[in-house]
Every structure is written in C-alpha cells, then in structure tokens.
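Read the structure below first, then the notes.
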Amino acid sequence: MRNFRAAAALLTLCLAASACGGDGGFGGGELSGQSLEVAVVWSGDEQASFEAVLQAFEDETGATVDVTSTGDDIATVLGTRLEGGDPPDLAVLPQPGLLRDLAAQGSLVDIEEAAGHSVDNNYARVWRELGSVDDTLYGVWFKAANKSTVWYNTQVFSDAGVGPAENWDAMIANAETISDSGVTPFSIGGADGWTLTDWFENVYVRTAGPDMYDQLANHEIPWTHDSVKAALQTLAEVFGRPELIAGGTSGALQTAFVGSVTRVFEDPPQAAMVYEGDFVAGEIRANTNAVVGEDADFFPFPSIDGSGPAVIGGGDVAVLLNDTEAGRELMSFLATAEAAEIWAERGGFTSPNQQVDLDAYPDETSRGIAEALTEAEVFRFDLSDLQPSAFGSTPGQGLFKQFQDFLADPSNIDGITSDMEAAAAAAYGN
C-alpha cells in the first residue's frame, strides 16, 4: 500500500523540479479551506483506492475532497443535480458517450489550460481524442481497463487437465471438459448488463473485424446487420447453454459482477472461469483468499476463426463541472503519473498514462495486463460506452436490458436485434 505522506513528499520534490517524469501541469498550490466534491461510479475497494489518490492531493494542497458514489446511475444523478443547479465539482465518468452528452449540454469546463500539456506529454493521442468534443479538451482519462481478459481458477483447470485457451473452440471444449470434471465452467454476472455488452464486444471485434466495429459504434450500420446476428450466434454457444453457466440462466441474471468473480475464487469454487476486465484482480484480492498469479490467473480473450489479437478497452474519465481553482488543480493532478501510481500499487487498476512506471504495479499479472493494453495492435474502446448514455450505459434500458433479454433467450436473435436498432435509432434521433 502506498505511503501517502511519502507520496505528498514526492509530489513536492517534483514541483520543485518544475516537472516530474515529463508530467508538467500540476501546480500544487495552497488550497487550504477549499473543498471539492467528486462524483464516481465506484464503490467498495475501487472507491477506497481512489480516495487514497485524493488523500495525496489533500496532503499536498490542503484542500478537502469528498467522494459521492452514484453507482451505475451516474448519468441520472448528474442530470438531476445539474437541473437543480447543484452539480458536483468533478465527476469521473465511465464512458465517453456521457462526456459528449454533458459537453453538448454546455455542462463541462474546458480543461486545456489546466491539463492539456500533461495530457499531451503523458498519453497516447487516442486518449485526448476520447476526452475531447469538437477539439475542446474536457476530460482526463484516469483509469483504463483491458477488457479482453478471461480469469480462471488455476486449481480447477489443473484438476480438469485443461489450460488457457487460444481460440474460441478450444475454450468451449475446455468448458465441456471442466463440466465433466464436476465444476460448472462459466460464471456470468448478468444482473449487471454491462458485463454482457463486454462479452459481445469482444466477440464482435473478432468475428466482424475492427472496421465493422467502428461502423457499428458510430451507428453507420444498423444493429440488425448480419454481422451483429453472426456475433450473437457465436455468443449463444455460451449463453445458450445454461448447463455451462453457474446457476443456469436465471442464476446468471441474478448475479452481479462482484458475485460472478467470487463464485470462481471462493472455497470451494462454484465455477471455473469468469470473463471480465483487468479490474477482476482487485475484486479477487478484496473478496476472496485467492492469490492473483497463483490461485487466479488470466488468458487473453480467445481468437475466433483465426482472428488476430485485439483488446477492447474501457475507462473512467475525470471532468470538471464547476470552474474553481481547486477543481482545476485536481484535474491537473489526475493527469500525472504520480496520481496513477498510488492506485496502481494497490492493484486492480490500469492507467492509460504512459509515464506510469510498470514497476508500480504489484505483480507480474498486473504488469502483463498493462503492457497488453498499451501495446495492443488492435485496440477499440468499449462500444456501449461510445453510445449515447440512454442507449449504451443506463441500467434497465438500451443495450444493458437488451443483452439481458438475449441471455434470457439466445434463440430470439431477430427480435433482440430489432429492439436494439429501435433503441439506437431513438437515441441517435434518426
């Protein structure tokens, strides 16, 4: 765990040198008496790790920062508070679609002066583009996720005599072997619709290719397109076999993401593997006795029909809603490697900041995930997060609900894709 006083001292030394690791930008001014509220979707271990980052900022500046956890309803919460004239000072958004929505409403503050230099120095160009609307910078991508990782219980795999799968057919074959050994192969957190969209995105980029992925992300092709139906048919090879899913279909639809991880790594395990992003490691550490890299490991989401390596990524972007000195300083701080390394050392975190020292990550597993993200030949951002929030990222509606409907009945591909296209057309206004 990071020593926060040491972190503050390091920041002071960096400031004395005018720049640290090429960061630049964070002024670290005296902000005693100033307070900030930051709205986040995180809770539990993730919220605690972010609060550790903010503690270092408080130690350095004297400001006070309070965190409000909104859960997955952050779009609704921010909309209500903006309408009431009482928005939080900052928000950390889980998708660029919501950033674009808020920018279009005139609710975000231009952060070019506060953080633009650091973003250019520390990040690949794609992250500036994802944080901008009409060439105006509004966001700092603080946390990223490699969402192309399948996590497995090493003992269960060993007992069944199987290893990590390099392709989809091998993964299905392994699942059948694991089932024969007496353990249910897959754990799926279907109560959280976003886990299901993540499954689809990894399948789609491998079956349709990155160019088609871009077209679907921009709604240049409809959700009724044959490429979507083909991907769903592939996905049904897992979703359509309840005997391979812990708790069956109904159990998966009642299991949240955290529960889906716990099922694999509790003692005794209720499932052998769970697909989700690198943040699974943090949940393993927080909620089980399994040791990442020993009892728990991952393999890349497998190739489908010879597809090349690809990484689907997600992330969380900090935005400024109230233009204050303390708010600008916090945005500047979040763009530094020092801020990211505080959470990196705690685990369950990957930073898109290229200045972050890989040695800051707590183990080889975390370092491997970070390298895969930054060096991926094909990288695409989470497709649902690129959509208007009403369609792509709101619980109980849009893609979240429609993929839950698909999990409930994978045979109804024509009906589900028609519902998806109708919801997309409404969200895009066409």
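The structure displayed is predicted, hence computed values, not measured ones.
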Examine distances only and state if a side-chain atom of [X] and a backbone atom of [Y] form a donor-acceptor pair shorter than 3.5 Å.
| X | Y | answer |
| --- | --- | --- |
| Ser49 | Glu46 | no |
| Gln404 | Leu253 | no |
| Asn153 | Val264 | yes |
| Asp385 | Gly392 | no |
| Thr195 | Gly189 | yes |
| Arg81 | Asp86 | yes |
| Glu421 | Trp223 | yes |
| Arg128 | Val119 | no |
| Asp89 | Glu37 | yes |
| Arg100 | Val133 | no |

For the [atom1] atom of [X] and the [atom2] atom of [Y], what is their distance to the nearest 0.5 Å?
| X | Y | atom1 | atom2 | value |
| --- | --- | --- | --- | --- |
| Tyr275 | Asn202 | OH | CG | 4.0 Å |
| Thr70 | Trp42 | OG1 | CH2 | 11.0 Å |
| Glu266 | Asn287 | CD | CG | 11.0 Å |
| Met212 | Glu220 | CE | CD | 10.5 Å |
| Leu334 | Ser118 | CG | OG | 10.5 Å |
| Asp357 | Glu338 | CG | CD | 10.5 Å |

Write down the atom of [X], the atom of [Y], and the distance for their closest heavy-atom approach.
| X | Y | result |
| --- | --- | --- |
| Leu196 | Phe239 | CD2-CZ, 3.9 Å |
| Ile178 | Ala272 | CG2-CB, 3.7 Å |
| Thr154 | Asp297 | CG2-CB, 3.9 Å |
| His219 | Ala424 | NE2-CB, 3.7 Å |
| Leu137 | Gly139 | CD1-O, 3.5 Å |
| Pro210 | Arg380 | CB-NH2, 3.4 Å |

Practice task
Using a cut-off of 6.0 Å, state whether more than 12 heavy atoms not belonging to Asp134 lie near its atom CG.
Solution key: no
Handout entry: Exceeds 12 heavy-atom contacts within 6.0 angstrom, atom CD of Glu166
Key = no
Exercise for the section: Could you give me the CA-CA distance, side-chain angles and deciding distance for Arg263 and Thr255, then say whether side-chain contact (heavy atoms from CB on, under 4.5 Å) is met? Expected result: CA-CA 10 Å; Arg263 276 184 165 177; Thr255 302; 3.4 Å; yes
Problem - Trp151, Phe349, Trp343, Phe257 screened by ring pair (Phe, Tyr, Trp, His ring centres under 6.0 Å) with Phe279, the one that passes - result: Phe257
Practice task
Determine, stepwise, if the pair Gln215 / Asp211 fulfils side-chain hydrogen bond (donor to acceptor under 3.5 Å, both in side chains).
Solution key: CA-CA 6 Å; Gln215 292 179 53; Asp211 291 340; over 6 Å; no
Go through the side-chain N and O atoms of [X] and [Y] and say whether any donor and acceptor fall under 3.5 Å apart.
| X | Y | value |
| --- | --- | --- |
| Asp101 | Ser389 | yes |
| Gln55 | Glu51 | no |
| Gln270 | Ser187 | no |

Exercise for the section: Taking only Lys NZ, Arg NE, NH1 and NH2, and the carboxylate oxygens of Asp or Glu, determine whether Arg328 and Glu325 approach each other closer than 4.0 Å. Expected result: no
Problem - Parallel, tilted or perpendicular, as decided by the 30° and 60° cut-offs, for the rings of Trp168 and Phe301 - result: tilted
Practice task
Could you tell me how the ring of Trp127 sits relative to the ring of Phe381: parallel (under 30°), tilted (30 to 60°) or perpendicular (over 60°)?
Solution key: perpendicular
Exercise for the section: Determine whether Met273 and Phe186 make a side-chain contact, defined as any pair of heavy atoms from C-beta on separated by less than 4.5 Å. Expected result: yes
Handout entry: Centroid-centroid under 6.0 Å between Trp199 and Phe403 rings
Key = no
Handout entry: Stepwise side-chain hydrogen bond (donor to acceptor under 3.5 Å, both in side chains) check, Asp278 with Thr350
Key = CA-CA 8 Å; Asp278 54 23; Thr350 304; 2.6 Å; yes
